[in-house]
**Student:** 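My questions all concern the structure below.
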Amino acid sequence: MANVLDFIKDSYHEMTQKVSWPTWSELQNSAVVVLIASIIIALLVLAMDQSSSAVLNLLYGTTT
């Protein structure tokens with residue numbers, strides 16, 4: 001049980017003293033980058049889905 005308490009104390013000390021947390025503006029900038037990257041990836045997946053759907057419709061001659 002003492003090992004668990006030491007682990008918790010060490011973890012708390014590391015999180016409060018040794019970790020460098022990002023500033024609010026850095027966090028916002030990172031969030032914007034993630035949002036833009038997510039939108040780009042979603043558009044690429046949409047384009048691949050639409051193109052594969054079009055190719056399959058040409059091969060099978062079906063329309064939906």
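Computed from a predicted model, the values in this text were never measured in an experiment. Heads up: numbering here begins at 1 and tracks the sequence.
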**Student:** Under 3.5 Å, which donor-acceptor pairs do the side chains of residues 28-48 form with other protein atoms, sequence neighbours left out?
**Tutor:**
unit_1, atom_1, unit_2, atom_2, d
Asn29, ND2, Ser25, O, 3.3
Ser30, OG, Glu26, O, 3.0
Ser38, OG, Val34, O, 2.8

**Student:** Which ILVMFWY residues are connected to Trp24, directly or by a chain of links, through side-chain heavy atoms under 4.5 Å apart?
**Tutor:** Leu27
**Student:** With a 4.5 Å heavy-atom cut-off, do Asn57 and Ser53 have their side chains touching?
**Tutor:** yes
**Student:** Let me have the donor-acceptor pairs involving side chains of residues 8-19, under 3.5 Å, with sequence neighbours excluded, atom names and distances please.
**Tutor:**
unit_1, atom_1, unit_2, atom_2, d
Ser11, OG, Phe7, O, 2.8
Thr16, OG1, Tyr12, O, 2.9
Thr16, OG1, His13, O, 3.3

